Amino acid sequence: DISERKQIEEQIRRKNEDLEQLKIGLEKMVRDRMAELEKANKQLIRLNQIKSDFISIVSHELRTPLTSIKSFAEIMLDDLGKHDQETQRRYLSIINSESDRLSRLISDILDLQKIDSGKIDWHDEMINVVEVVRRAVDTFSGAFVEKGLSLSFESAGDCMMTEAAPDRIFQVVANLLSNGLKFTEHGGVEVNIRLVEAPYEGSAEKFIRISVRDTGTGIPQEELSRIFERFYQIDQSQGRKHEGAGLGLSISKDIIDHYRGRITVESVPGSGSIFCVLLPEQEQPRKKLGEVLVELGMLTETELVSALEKQS
């Protein structure tokens with residue numbers, strides 16, 4: 001029976017086509033899986049390199065101040081009573097300075113770990129950014145005078161509000177002032193704060209712009225794109241002259257990103273740099289998700305209170 005034979009041949013042909021499609025599908029799955037494994041392997045290599053860099057940089061930055069503290073403490077203990085008051089004051093000043101440096105490094109490492117794990121406590125509240133920036137400038141004024149540099153502050157208004165943790169915004173401004181102090185030998189730093197339009201079209205939102213301009217060494221153009229990377233230091237030879245683990249700017253960017261802001265930098269080598277921070281202006285606190293759901297009628301206040309009690 002020819003028709004039966006043709007039916008069998010057609011079934012075999014279809015089975016062969018199904019097998020071919022299955023083969024093609026399996027080959028694609030294998031290629032995709034190999035690509036994923038290769039990507040994961042590159043990521044592991046990158047993470048291992050980051051870990052290695054982290055250990056190397058942190059161990060160096062920890063060892064340096066500890067060595068100074070131990071050395072000057074031993075000098076004073078060995079020759080106690082032989083040094084005049086001025087020499088003792090100078091040694092103690094170095095020990096105090098190195099202790100502060102050690103404390104800053106440890107704080108940066110802890111902040112980095114908290115940000116990565118999502119366990120950082122923000123403690124947001126309505127703050128006057130002008131007051132926070134002025135407090136940071138006042139804190140650094142003595143250090144600038146001691147180095148023979150100028151430090152000026154100018155604000156377009158007395159009150160510019162946003163919702164944020166005051167200590168975190170202070171931390172960002174303090175880091176920018178610290179860098180300005182560190183990399184500036186002549187001239188000084190100018191801090192300016194004013195309101196500007198949103199950095200993107202179609203928004204009526206206002207932003208608070210904090211600019212920190214210095215007359216320091218500047219940043220090479222090819223390094224500007226990496227300035228906010230973790231552990232990255234401008235000109236490694238210079239990085240050894242100016243201590244630091246390369247965490248301050250990275251942490252500052254994480255903080256500003258958290259508050260829906262932006263941080264940018266412009267620089268000309270030999271002519272200084274200008275760092276700009278943008279924070280959204282707010283007249284009142286942002287509504288929590290639960291409050292929004294209640295307003296939309298998707299949740300009752302009783303249900304919200306019950307959910308918050310269970311969470312706590």
Side-chain angles (χ1 to χ4, degrees), residues 47-117 119-121 135-136 138-149 151 167-168 170-186 189 214 216-217 227-252 254-255:
L47 290 174
N48 283 333
Q49 184 60 47
I50 291 175
K51 179 182 177 181
S52 177
D53 293 343
F54 174 83
I55 294 173
S56 175
I57 292 172
V58 171
S59 62
H60 176 274
E61 296 301 332
L62 286 173
R63 188 185 301 113
T64 303
L66 282 173
T67 299
S68 297
I69 292 170
K70 181 175 175 58
S71 297
F72 283 100
E74 286 178 347
I75 290 174
M76 293 189 66
L77 287 172
D78 290 342
D79 299 321
L80 194 63
K82 296 182 180 180
H83 300 296
D84 57 40
Q85 190 173 11
E86 183 60 31
T87 301
Q88 291 182 28
R89 184 180 291 108
R90 181 163 59 87
Y91 287 171
L92 288 173
S93 177
I94 293 172
I95 292 173
N96 183 64
S97 176
E98 292 297 280
S99 298
D100 288 341
R101 177 179 157 197
L102 188 61
S103 177
R104 286 194 299 271
L105 176 61
I106 293 172
S107 295
D108 283 347
I109 293 172
L110 291 176
D111 282 343
L112 186 66
Q113 188 274 330
K114 289 178 181 178
I115 290 172
D116 284 345
S117 64
K119 295 181 179 179
I120 189 170
D121 296 323
R135 180 162 59 90
D138 291 342
T139 301
F140 277 82
S141 59
F144 275 81
V145 170
E146 185 178 348
K147 195 174 179 180
L149 301 174
L151 176 60
D167 290 344
R168 294 302 173 187
F170 180 92
Q171 181 180 0
V172 171
V173 179
N175 179 68
L176 298 180
L177 289 173
S178 177
N179 284 345
L181 177 66
K182 185 188 302 182
F183 292 100
T184 302
E185 299 300 329
H186 306 285
V189 171
D214 65 60
T217 56
I227 196 68
F228 296 106
E229 291 181 10
R230 292 177 180 177
F231 307 113
Y232 187 74
Q233 297 178 351
I234 306 169
D235 184 1
Q236 297 303 314
S237 61
Q238 189 183 58
R240 297 278 64 84
K241 176 183 177 182
H242 302 284
E243 300 89 351
L247 289 175
L249 287 177
S250 174
I251 292 173
S252 296
D254 287 335
I255 292 172

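Keep in mind that this is a model prediction, so the values were computed, not measured.
Contacts of D111 classified as side chain to side chain donor-acceptor pair (under 3.5 Å), with partners at least two apart in sequence or in another chain: R168, Q171. Taking R89 as the reference, E86 meet the side chain to side chain donor-acceptor pair (under 3.5 Å) condition, with sequence neighbours excluded. Partners of K70 under the side chain to side chain donor-acceptor pair (under 3.5 Å) rule, at least two apart in sequence or in another chain, are E74. Under the side chain to side chain donor-acceptor pair (under 3.5 Å) criterion, T87 pairs with D84, not counting sequence neighbours. F144 pairs by the ring-ring contact (aromatic ring centres under 6.0 Å, His included) definition with nothing, not counting sequence neighbours. Scanning for side chain to side chain contact (heavy atoms under 4.5 Å, CB included) contacts around T184 gives L149, D214, T215, with sequence neighbours left out. With sequence neighbours excluded, no residue forms a ring-ring contact (aromatic ring centres under 6.0 Å, His included) with F170. With sequence neighbours excluded, the residues that form a side chain to side chain contact (heavy atoms under 4.5 Å, CB included) with T67 are R63, S71. In this structure D100 satisfies the side chain to side chain contact (heavy atoms under 4.5 Å, CB included) test together with N96, R104, sequence neighbours excluded.
Once rounded to the nearest 0.5 Å, the distance linking CG of L102 with CD of E98 reads 8.5 Å. If you take CD1 on I251 and NZ on K114, they are separated by 11.0 Å, rounding to the nearest 0.5 Å. Between Q88 atom CD and F72 atom CZ the span is 13.5 Å, to the nearest 0.5 Å. Interatomic distance, CZ of F183 versus OG of S178, reported as 9.0 Å (0.5 Å rounding). Distance check: M76 CE to I95 CD1 gives 6.0 Å after rounding to the nearest 0.5 Å. If you take CG on D167 and CD1 on I255, they are separated by 10.0 Å, rounding to the nearest 0.5 Å.
Side-chain contact between L249 and N179 is present, with heavy atoms from C-beta onward closer than 4.5 Å.
Between S99 and I69, the closest heavy-atom pair is OG-CD1, 3.6 Å. Closest approach of L181 and A143 over heavy atoms only: CD2-CB, 3.7 Å. Across A174 and F140, no two heavy atoms sit closer than the pair O-CZ, 3.3 Å.
Proximity of a side-chain donor or acceptor of S97 to a complementary backbone N or O of I94 within less than 3.5 Å is not detected.
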